[in-house]
Amino acid sequence: MDLAKTIKSNQALKSFAHQLLVGNARPRWWVRQFVAPFTYQRGKNSVIRRNTRMDIFPFNKFALGANSTIEDFCTVNNGVGDVLIGDDSRFGLGSVLIGPVKIGNHVIIAQHVVLSGMNHTYTDVNVPIRLQKVTTARIVIEDEVWIGANAVLTAGVTIGKHSVVAGGSVVTKNIPPYCVAAGNPARVIKQYNFQTKEWERVKGV
């Protein structure tokens with residue numbers, strides 16, 4: 001049995017390890033400075049801007065592909081799930097990325113976009129929501145997707161290849177490939193027709 005499994009199977013050890021690694025809902029200073037940077041998987045010419053908040057824990061994965069950029073004032077957190085980003089992708093100013101999330105290649109994330117693969121539970125009315133367990137469901141963004149500014153993607157959704165999510169949209173369900181989605185909740189308003197080679201409005205919208 002390896003060390004990680006030993007810790008997870010023993011509640012006392014798990015609690016001790018958590019206190020050692022986590023302070024005020026983010027990695028402790030020594031983890032951020034001396035542990036997490038050596039666990040990153042970074043592709044060639046990838047960029048993480050100086051003012052990005054990297055809440056990266058060593059017990060989950062973080063990968064940033066070649067030529068990809070995370071701009072200033074973004075927050076990246078892999079505390080409850082892996083954050084995996086492909087090649088040639090870009091995250092705009094002030095975006096929030098909470099795992100589990102898998103992002104493909106040539107993806108554009110505009111400014112102030114929120115992707116959260118985590119949810120808080122609230123069902124027990126005798127316990128403050130802050131103290132209840134969290135649930136996770138991976139967000140998947142396939143290749144060539146464009147997410148507009150101020151959009152929100154909720155846990156568990158998949159955005160298909162070469163699709164567009166309009167600015168300000170709230171995505172609660174999967175978006176198929178080669179579509180344009182908009183609204184709250186987001187719905188498909190256009191889809192590419194490979195026979196006519198045109199982007200066509202969806203009937204009934």
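This is a predicted model, so every value here is computed, not measured.
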Under the side-chain hydrogen bond (donor to acceptor under 3.5 Å, both in side chains) definition, can you give me all pairs with a residue in residues 138-162, not counting sequence neighbours?
E144-H162

Tell me whether N67 contacts the main-chain N or O of S46 through its side chain, where contact means a donor paired with an acceptor under 3.5 Å.
no

If you compare all heavy atoms of A155 against all heavy atoms of N119, which two are closest, and at what distance to 0.1 Å?
CB-ND2, 3.9 Å

So I159 and V140, side-chain contact (heavy atoms from CB on, under 4.5 Å) or not? Walk me through it.
CA-CA 6 Å; I159 311 298; V140 177; over 6 Å; no

For K61, is there any backbone N or O sitting under 3.5 Å from a side-chain donor or acceptor partner on D82?
yes

As a quick check of understanding, evaluate side-chain contact (heavy atoms from CB on, under 4.5 Å) for N77 and F57, giving each step before the final call.
CA-CA 8 Å; N77 187 309; F57 295 89; 4.2 Å; yes

Do the side chains of T52 and E71 get nearer than 4.5 Å, heavy atoms only?
no

Determine the minimum heavy-atom distance between C179 and I175, stating which atoms define it.
CB-CG2, 4.1 Å

Check whether any side-chain N or O of T75 sits under 3.5 Å from a backbone N or O of V96 as a donor-acceptor pair, and report yes or no.
no

In terms of hydrophobic clustering (I, L, V, M, F, W, Y; side-chain heavy atoms under 4.5 Å; direct or indirect links), are L84 and I70 co-clustered?
no

Checking side-chain polar atoms at under 3.5 Å, does N193 have a donor or acceptor matched by the opposite partner on E198?
no

Determine yes or no for a side-chain-to-main-chain donor-acceptor pair under 3.5 angstrom, with N78 supplying the side chain and G81 the backbone.
no

CZ (R130) and NE2 (H120) are apart, to the nearest 0.5 Å, by 10.0 Å

Taking every non-hydrogen atom, the tightest pair across N60 and G79
ND2-O, 3.2 Å

One pair to check against side-chain contact (heavy atoms from CB on, under 4.5 Å): I108 and I147. What are the steps and the verdict?
CA-CA 6 Å; I108 303 170; I147 310 293; over 6 Å; no

Look at the side-chain heavy atoms of Ile, Leu, Val, Met, Phe, Trp and Tyr, link any pair under 4.5 Å apart, and say whether V170 and V188 land in one connected group.
no

Testing the basics here: between S169 and A181, what is the closest heavy-atom pair and its distance to 0.1 Å?
OG-O, 4.0 Å

If two hydrophobic side chains count as joined below 4.5 Å and joins carry through other members, does V107 share a cluster with V152?
no

Using atom types as modelled and distance alone, determine if a side-chain donor or acceptor of D72 lies under 3.5 Å from a backbone N or O of N51.
yes

Okay, side chain of E200, backbone of K190: is any donor-acceptor separation there less than 3.5 Å?
no

Can you hop from L97 to M54 via hydrophobic side chains spaced under 4.5 Å?
yes

Does any N or O in the side chain of T121 come within less than 3.5 Å of the main-chain N or O of T135, such that one atom is a donor and the other an acceptor?
no

Angle between ring planes, F194 versus Y192, binned at 30° and 60°: parallel, tilted or perpendicular?
perpendicular

Apply the test side-chain contact (heavy atoms from CB on, under 4.5 Å) to residues K173 and V157: give CA-CA distance (whole Å), side-chain angles for both, the deciding distance (0.1 Å), then the verdict.
CA-CA 6 Å; K173 295 182 179 179; V157 300; 5.6 Å; no

With rounding to the nearest 0.5 angstrom, report the CG to CG distance, N126 to L131.
12.5 Å

Might you point out which heavy atoms bring I189 and A182 nearest each other, and give the distance in Å?
CD1-CB, 4.0 Å

Give the minimum heavy-atom separation between G92 and C74, together with the two atoms involved.
O-SG, 3.0 Å

Distance, nearest 0.5 Å, that separates NE2 of H112 from CZ of F73
9.5 Å

CD1/I98 to CE/M118 distance, rounded to the nearest 0.5 angstrom?
5.0 Å

Are V47 and V113 linked, directly or through intermediate hydrophobic residues, by side-chain heavy-atom contacts shorter than 4.5 Å (ILVMFWY only)?
no

Atom pair CD1 (I141) and OG (S89), whose distance is rounded to the nearest 0.5 Å
9.0 Å

pair L64-Y40: side-chain heavy atoms closer than 4.5 Å:
no

Can you tell me how far CD1 of I103 sits from CG of D87, rounded to the nearest 0.5 angstrom?
12.5 Å

